[in-house]
Amino acid sequence: MPSTLAALNQWVDEVARLTQPARIHWCDGTQAEYAALGAQMLERGELHALNPHTHPRCTLHRSHPGDVARVEHLTYICTRERADAGPNNPWMAPAEAHAKMDALFAGCMRGRTLYVVPYCMGPIDSPLARCGVEITDSAYVVANMYLMTRMGAPALARIEREGHFVKGLHSTGELDPERRFIMHFPEELAIKSYGSGYGGNALLGKKCHALRIASWQARQEGWLAEHMLIVGIQNPQGQTHYIAAAFPSACGKTNLAMLVPPADMRRAGWKVWTVGDDICWMAPGKDGRLWAINPEAGFFGVAPGTSTRTNPNALAMLDHDTIFTNVAVTADGQPWWEGLDARVPALDWQGRPFDPARGPAAHPNSRFTVSARQCPSFSPHAEDAQGVPISAIVFGGRRESLLPLVFEARDWAHGVMLGAAMGSETTAAASGAVGVLRRDPMAMKPFCGYNFADYFAHWLSFDRPGLQLPKIFHVNWFRKGSDGKFLWPGFGDNLRVLAWMLARCEGGAAAVDTPIGRMPHAHDLDTAGLRLPAAALEALLHVDPTGWQREMAALGDYFGEFGARLPARLESERRRVLEALEAASAQPARVANDRGSAIKKNVKLRNPRAVVTRAPQ
Ligand code: OXD
Ligand code: MN
């Protein structure tokens, strides 16, 4: 056995006895190993070569058509006590789950290779990083783990030094949705995943470890494991502030993390630095601030909608050394997806001649996997062992109506309530209906490894003397006007909103107090370089007290699902906001807008055609 850690050797031995592989391969994480695996997969048809002139060393994987997204209803938290998993998670008793999974794993790797993948989530020398070992029978998973984590010998050395690791066992099995489960055992720091080879179901370092298991560990150890991007914003004075932002899957985290400033702000000296696009681990530092690392080493991003207009940095990093999954292909072998450009692809995501009657050419959840180092805006501090200090936390969802462009929480507890209240219209990142409004607190509905009531209490516990907590904001880039078009241009122009937030953090920008939180006056946002009608901005900053009262009442029903376990502080925040809204409805003039008058209800745009339209981000 190649490891000096007996517990690791023993576990690999046990798994091999159960799964009966033809051979065992301990991954060293070298470039040569990655290249050899790639060559084998090309030969077996598990990967397809793309145009080597336009996309050197890029490949395409086509997953089983029934295995194209995370399966939340088959993803379980297996704690001894059901209540510890909470109403937010499917639950199964650990003994039952182990028995069920071990029956599926029995003999499942016959004739196949068992890969042992030691990995580190976070910079290898970071005290905030945590290690795991994934055992898998999928070479595609190994290749993705190579790009997405620090995998191989250095991780093994750290694991041997520390003596402990998260155990993740994965097999693609028969890819039968009836025999597909993703089980988490937070009390044992273990994961068992069977029957899927796709993304978050199979790359166990990502959602399973870095969010579900890590959120459990974070609560025990006093830190936060969150579904957040991390981005550095450098102002014209040369200071960089870091923002962590939680948006649900496929709601623009990657685009915001790689934002390119609009021309006028670029000229003024604004710069943006990417630290992470999906997961953020944050812990209080010695100075009382929250310091964050991106536990991942790569991006597993949604391809459709990515273009030179929406995310030029992403496009620039995707033209070499990238694995594409379920995208379409042009006649000359280039990867293609909806929203990329006006070309018509030759083959759809299943490798069939493209026929628009069969739906989109690329699967809506098709992905790219790429090393973060290929990103032109990758921050020089992204791999700092101590992480980066967080100045602001942003929550946001995909909401057509009600939620204004931006507002600021009055304090930490209010901000936690805003996070807990998050709702968003569902996307193709998970199987199930798309476009349905669902509660997604802190964008963690599919990823919190324990009872949300305890999770909210954990967040609230940071409100204590000695910590200098970030300000908390809520944004909504997806608000539509009465004509059904997006009111806000989004993408690079989102920097205009981030700039206001950072000015707030530095004490240099004004805000209006409203019942839902603090909002910019229209003139506080730098929209000089935008052709945005005044009425659109007014609508984007509009607070509708009646609609908000309904929202807060619905939130009360949601909080009710957690019974007595819900922290009283959260409910009292909800009541406080509700009462302020009731008072504002009684005296509408108290909800001020930028001209100091009452905000008009049901604002209609005078010139709806002037509103910028764009694809959903
Ligand atoms: C992801 C997701 O893949 O959230 O990041 O689904
Ligand atoms: Mn995600």
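As the structure lists them, so they are numbered: ligands from 1, and atoms in each ligand from 1.
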> Looking at ligand 1, is there an atom of it that comes within less than 4.0 Å of some heavy atom belonging to Lys253?
no
> For ligand 1, which is the ligand I care about here, please tell me if Ser249 has any N or O atom under 3.5 Å from one of the ligand's N or O atoms.
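Min N/O separation from ligand 1 is below 3.5 Å for Ser249.
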> Can you list the atoms of ligand 1 that are under 4.0 Å from a heavy atom of Lys207?
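By the 4.0 Å cutoff, the relevant atoms are 1 (C), 2 (C), 3 (O), 4 (O), 5 (O).
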> Mark up the atoms of ligand 1 that fall under 4.0 Å of a heavy atom belonging to Asp278, in ascending order.
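Matching atoms, with element in brackets: 5 (O).
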> Within 45° of the ring axis of Phe447 and under 6.0 Å from its six-membered ring centre, is that where the NZ or CZ of Arg212 lies?
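Judged by the rule, Arg212 and Phe447 form no cation-pi pair.
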> Does the ring pair (Phe, Tyr, Trp, His ring centres under 6.0 Å) test come out yes or no for Phe407 and Phe473, once each step is laid out?
CA-CA 6 Å; Phe407 57 110; Phe473 298 86; 9.5 Å; no
> Looking only at N, O or S atoms, which one in His227 sits nearest to the Mn ion (ligand 2)?
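For His227, the N/O/S atom sitting closest to the Mn ion (ligand 2) is NE2.
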> At a threshold of 2.8 Å, where the distance has to be below it, does the Mn ion (ligand 2) have an N, O or S atom of Lys207 nearby?
yes
> Considering the heavy atoms of His227, write down every atom of ligand 1 situated less than 4.0 Å from one of them.
4 (O)
> Under a 4.0 Å threshold between the charged nitrogen and the carboxylate oxygen, would Glu400 count as salt-bridged to Arg479?
no
> Ignoring hydrogens, what is the shortest heavy-atom contact between Ile472 and Val416? Give both atom names and the distance.
CD1-N, 4.2 Å
> Of the options Tyr115, Tyr140, Tyr119, Tyr34, which is the one that meets Tyr146 in a ring-ring contact (aromatic ring centres under 6.0 Å, His included)?
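It is Tyr34; the other options fail the test.
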> Could you check whether any side-chain heavy atom of Pro446 comes within less than 4.5 Å of a side-chain heavy atom of Lys207, counting everything from C-beta outward?
no
> Using only N, O or S atoms, tell me which atom of Asp278 is closest to the Mn ion (ligand 2).
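Checking each N, O and S atom of Asp278, the shortest distance to the Mn ion (ligand 2) belongs to OD1.
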> Among all the protein's non-hydrogen atoms, which is closest to atom 3 (O) of ligand 1, and how far away is it?
Arg367 NH1, 2.9 Å
> Below a 4.0 angstrom heavy-atom separation, can you tell me which part of Phe447, side chain or backbone, both or neither, approaches ligand 1?
side chain
> Tell me whether the guanidinium CZ or amine NZ of Lys253 lies under 6.0 angstrom from the six-membered ring centre of Phe247 and within 45° of its axis.
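No cation-pi geometry.
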